[in-house]
Amino acid sequence: MARKLSTKFNSLVNRFFPKQRIKDACKQKHCYLCDTTIYQHEPICAGCKLDLPFNQSSCSHCSVPLPELITSKSDKAHSKRACGECIKNSPSYTESFSTFCYTFPINALISDFKYRNKRHLGKLLSAITAETIHTRINSGQLKEPDKLIPVPLHVDKLDARGFNQSADIADDLSRALNIPVDSRCIARVINKPAQASLSKRQRQQNLANAFSIRRKLNGEVVALIDDVVTTGVTAEQLSKQLLEAGAKEVVVWSLARTPLRM
Ligand SMILES: [Zn+2]
Ligand SMILES: [Zn+2]
């Protein structure tokens, strides 16, 4: 009797809830940004992805967004431009790359990635970054580094947050680009308050003794990995220390760069 009921129950379930429909319902989710229904592994829809604020035209030294030049596509792809700040005072790192401008919705996505533990959002932005860097390395627009070094977090911050967002990004880039990560070379030894609210001069003073080299380098080209480059002061401080520690060259890769205040 029980077996009969179970067979009947299964056939009823199959009739009213076909397996494919159940599978589709499980896969169905909503775009993180516009809430439209999507059937894919990425957290945002194709339309929102296309609309992200890509850092199309930027300084090749510090990747600060610059106004678009009216040139042909091929000129644009090969032109190296420098911002006024880099012409006056060239940074110690050779070049940098930021995939996005740190404006909406990238600021919201990165904030949720870091402070609300939405690590899948970090993975999405790292995947787009890896794809773009791969293309640029192949076309000779970016140098291929020997290793990736994530900007370190102080151990107290690491305990509070549970993960270092730059290390997450470095791991994703490492897997996609097949470049090893070295996260033991440099450590953050002083946990200063968040840099975001400070002026450039205050940041420089704040950072002077914040990092300590733990392992010497051996003439490698290293890519410093960060989530957001705001003023470039952290990147410059770390770059100087990595060069002193024996790096041949430092390049800076980040998900996003803060535009200049007009
Ligand atoms: Zn969307
Ligand atoms: Zn610049």
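For clarity, every value in this text was computed on a predicted model and none was experimentally measured. The figures here come from the full heavy-atom set of this structure, side chains too, leaving out hydrogens, waters and symmetry mates.
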Worksheet item: If you measure from OG on S183 to CD1 on I225, what distance do you get to the nearest 0.5 Å?
Response: 12.0 Å
Worksheet item: Same hydrophobic cluster for L242 and V151, using side-chain heavy-atom links shorter than 4.5 Å among ILVMFWY?
Response: yes
Worksheet entry | Shortest non-hydrogen contact between H41 and K29, atoms and distance | O-NZ, 2.9 Å
Item to complete: Using a 4.5 Å cut-off on heavy atoms from C-beta on, say whether the side chain of P43 contacts that of L121.
Response: yes
Worksheet, complete the sentence: To the nearest 0.5 Å, atom CD1 of I179 lies from atom CG of D146 at 8.5 Å
Item to complete: Search all heavy atoms of F54 against all heavy atoms of C101 and return the closest pair with its distance.
Response: O-SG, 4.1 Å
Worksheet item: With a 4.5 Å heavy-atom cut-off, do L177 and E131 have their side chains touching?
Response: no
Worksheet item: Roughly how far, to the nearest 0.5 Å, is CG of L238 from CZ of F211?
Response: 4.0 Å
Worksheet item: Is there a side-chain contact between L109 and L125 (heavy atoms, below 4.5 Å)?
Response: yes
Worksheet item: When hydrophobic residues are tied together by side-chain contacts of less than 4.5 Å, even through go-betweens, does V221 share a cluster with L243?
Response: no
Worksheet item: Which distance, rounded to the nearest 0.5 Å, do you find between the CG of N55 and the OG1 of T99?
Response: 8.0 Å
Discussion item. Do I110 and Y102 make a side-chain contact, defined as non-hydrogen atoms from C-beta onward lying under 4.5 Å apart?
Written reply: yes
Worksheet item: Rounded to the nearest 0.5 Å, how far does CD1 of I106 lie from CG of L52?
Response: 4.5 Å
Worksheet entry | Residues in ring-ring contact (aromatic ring centres under 6.0 Å, His included) contact with F113, at least two apart in sequence or another chain | F163
Fill in: Between T94 and E249, a side-chain donor and acceptor under 3.5 Å
yes
Discussion item. Donor-acceptor check, side chain of E220 to backbone of N218, threshold 3.5 angstrom: yes or no?
Written reply: yes
Practice prompt. Return the minimal non-hydrogen interatomic distance between L173 and S126, and the atom names on each side.
Written response: CD2-O, 3.6 Å
Worksheet item: Is there a side-chain contact between Q141 and F97, using heavy atoms and a 4.5 Å cut-off?
Response: no
Discussion item. Does this structure show an ion pair linking R215 with D182, if we count only N-O contacts that are shorter than 4.0 Å?
Written reply: yes
Practice prompt. Report yes or no: do L255 and L224 belong to one cluster of Ile/Leu/Val/Met/Phe/Trp/Tyr joined by side chain heavy-atom distances under 4.5 Å?
Written response: no
Worksheet item: Does K49 pair with E42 as a salt bridge, N-O distance under 4.0 Å?
Response: yes
Worksheet item: How far does CG of D112 sit from CZ of R119, to the nearest 0.5 angstrom?
Response: 14.5 Å
Discussion item. Looking at S58 and V64, would you say the former's side chain and the latter's main chain have a donor-acceptor pair under 3.5 Å?
Written reply: no
Discussion item. Can you confirm whether L153 sits close enough to R188 that some side-chain heavy atom of one is under 4.5 Å from a side-chain heavy atom of the other?
Written reply: no
Worksheet item: Going by heavy atoms in the side chains, are E95 and L142 under 4.5 Å from each other?
Response: yes
Worksheet item: Nearest heavy-atom pair of V181 and S174: which atoms, and what distance?
Response: CG2-CB, 3.4 Å
Item to complete: Check the surroundings of atom CG in D35: do more than 12 heavy atoms from other residues, nucleotides or ligands lie under 6.0 Å from it?
Response: yes
Worksheet item: Given Q165 and R161, is the side-chain contact (heavy atoms from CB on, under 4.5 Å) satisfied, shown in steps?
Response: CA-CA 9 Å; Q165 71 280 359; R161 190 173 298 166; 2.5 Å; yes
Discussion item. Applying a strict under-4.5 Å side-chain criterion to I, L, V, M, F, W and Y, I'd like to know whether V251 and V233 cluster together.
Written reply: no
Item to complete: Search all heavy atoms of S57 against all heavy atoms of P67 and return the closest pair with its distance.
Response: OG-O, 3.2 Å
Practice prompt. Apply the test side-chain contact (heavy atoms from CB on, under 4.5 Å) to residues K123 and D172: give CA-CA distance (whole Å), side-chain angles for both, the deciding distance (0.1 Å), then the verdict.
Written response: CA-CA 7 Å; K123 287 212 169 297; D172 290 339; 2.8 Å; yes
Practice prompt. Show the numbers, then the answer: is there a side-chain contact (heavy atoms from CB on, under 4.5 Å) between N164 and H154?
Written response: CA-CA 9 Å; N164 175 0; H154 188 269; over 6 Å; no
Worksheet item: For S98 and S254, does a side-chain donor sit closer than 3.5 Å to a side-chain acceptor?
Response: yes
Worksheet entry | More than 12 heavy atoms from other groups under 6.0 Å of NZ on K248 | no
Practice prompt. Quick one: do R214 and I186 satisfy side-chain contact (heavy atoms from CB on, under 4.5 Å)? Show the steps, please.
Written response: CA-CA 5 Å; R214 292 287 155 88; I186 194 155; over 6 Å; no
Worksheet item: Can you find a pair of side-chain heavy atoms, one from E236 and one from S92, that are under 4.5 Å apart?
Response: yes
Worksheet entry | Criterion side-chain hydrogen bond (donor to acceptor under 3.5 Å, both in side chains) on R116 and S111, from CA distance to verdict | CA-CA 7 Å; R116 294 180 61 209; S111 169; over 6 Å; no
Practice prompt. Give a yes-or-no answer on whether the side chains of R257 and T230 include a donor-acceptor pair shorter than 3.5 Å.
Written response: no
Item to complete: List the atom of G232, the atom of Y93, and the distance in Å for their closest heavy-atom pair.
Response: O-OH, 4.3 Å
Worksheet item: Is there a chain of hydrophobic side chains (I, L, V, M, F, W, Y, each step under 4.5 Å between heavy atoms) that links V252 to V228?
Response: no
